[in-house]
Amino acid sequence: MNNTLESSDIKPSKLKTENQQTATTIPFYKPIAKEVEVFDHAYKNKIQVLLKGPTGTGKTRFIDFMTHQLNKKLITISCHEETSSTDLIGRYIIQGSETVWIDGPLTQAVKTGAIIYLDEIAEARPDVIVAIHSLTDHRKELYIDKLGETIKAHPDFMLVASFNPGYQKGFKELKPSTRQRFIALAFNYPNEKDEAEILSNETQIDAATAKKLVSIATKIRNLTELGLTETVSTRLLVDAAKLIHTGLGKRLAVRVAVVEPLTDDLEITEALADLCDLMI
């Protein structure tokens, strides 16, 4: 099944949409706990799910994996500070001499029974949270104020959101009244064995190098005194492993893919680079 969301009518400067396609090859995902089982039951009961955890811990890969498993269309909205309810619900546009209504991605998902994924929901404007409230309780409906219409959600519709707790030290937190409308799955960095397996499966890198990369990540994650806003994610390790697998020097790959993205502080950068050079 091949599903594509046409996003040409959405203002590109205000909304970024990504569209995953259900293909024959299911993306690799290493279950860490019971998240696959929990999501499956949530889908059966049409309960909305909040994926919470640091950047690069597999939240987006997980939802991609699950929609492939369920053979469902996935519409992903990458939320940011300008993402508004209008971007999600829809807007009037001029076509020739006529003014026509164009459904936004949320409205399309509600009508067609797709799974919609609001990535980093806390980044969106408050009116987005207000707009989804009636979809996250017993009503399961979407009110479109510009049309004066209320749409009942398709029986297969499901809302999933992601959230990075503690990002920017509390400036982007979700209100309890919103959080309690979801069941929540907590994501964190895998243990060293699982993370090395993920690197090997994602990049075909040799097991010994994968283990060294994970050891570097573990060491940096434990250096809390550096005060880094974000630490080494599995995503960064995957990038480093890909570079190494295609022939880039290991130390250079680690520097550009792991160290440099973490900080612009020259002293910290050099200290981390020296540490990594000793470990790989």
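In this text, all values refer to a predicted model and were calculated from it rather than measured experimentally.
The environment of CG in L278 is crowded: more than 12 heavy-atom neighbours from other residues, nucleotides or ligands sit within 6.0 Å. More than 12 heavy atoms of other residues, nucleotides or ligands shown are found within 6.0 angstrom of CG on D274. The number of heavy-atom neighbours closer than 6.0 Å to NZ of K219, taken from other residues, nucleotides and ligands shown, is 12 or below. Within 6.0 Å of NZ on K152 lie more than 12 heavy atoms contributed by other residues, nucleotides or ligands.
By the rule that hydrophobic residues join a cluster once side-chain heavy atoms approach within less than 4.5 Å of another member, F65 and I32 end up as members of separate clusters. Cluster membership for M279 and I205, using ILVMFWY side-chain heavy atoms within less than 4.5 angstrom, is shared.
Among the candidates M158, M66, K73, the single residue satisfying the side chain to side chain contact (heavy atoms under 4.5 Å, CB included) test with I115 is M158. For the side chain to side chain contact (heavy atoms under 4.5 Å, CB included) test with V110, the passing option among L159, L142, I116, D103 is L142; the others fail.
Considering only heavy atoms from C-beta on, V160 comes within 4.5 Å of F39 through its side chain. The closest side-chain heavy-atom distance from V49 to F182 is not below 4.5 Å. A heavy-atom distance below 4.5 Å is found between the side chains of Y43 and K72. T67 is listed as a side-chain neighbour of D64, based on a closest heavy-atom distance under 4.5 Å. Put simply, the side chain of T57 does not reach to within 4.5 Å of the side chain of P190, judged on heavy atoms. Considering only heavy atoms from C-beta on, S85 stays 4.5 Å or farther from V130 through its side chain. Counting only heavy atoms from C-beta outward, the side chains of L213 and I280 approach each other to under 4.5 Å. Residues R235 and T55 have side chains in contact (heavy-atom distance under 4.5 Å, counting atoms from C-beta outward).
At least one donor-acceptor pair closer than 3.5 Å links the side chain of D137 to the backbone N or O of R139. With hydrogens and angles disregarded, a donor-acceptor distance shorter than 3.5 Å links the side chain of S134 to the backbone of E141. Checked by atom type and distance alone, the side chain of Q204 pairs as donor or acceptor with a backbone atom of N201 at under 3.5 Å.
Residues E260 and T269 have side chains that never bring a donor and an acceptor to within less than 3.5 angstrom of each other. Between D119 and T76, the side chains place no donor N or O within less than 3.5 Å of an acceptor N or O (distance only, hydrogens not considered). Between the side chains of T83 and E123, not a single donor N or O lies within less than 3.5 Å of an accepting N or O.
Aromatic ring orientation, F62 versus Y29: tilted (interplanar angle from 30° to 60°).
Under a 4.0 Å N-O distance rule, the pair E192/K212 does not qualify as a salt bridge. Residues R125 and E82 are not paired through a salt bridge, judged by the lack of any N-O separation under 4.0 Å between the basic side chain and the carboxylate.
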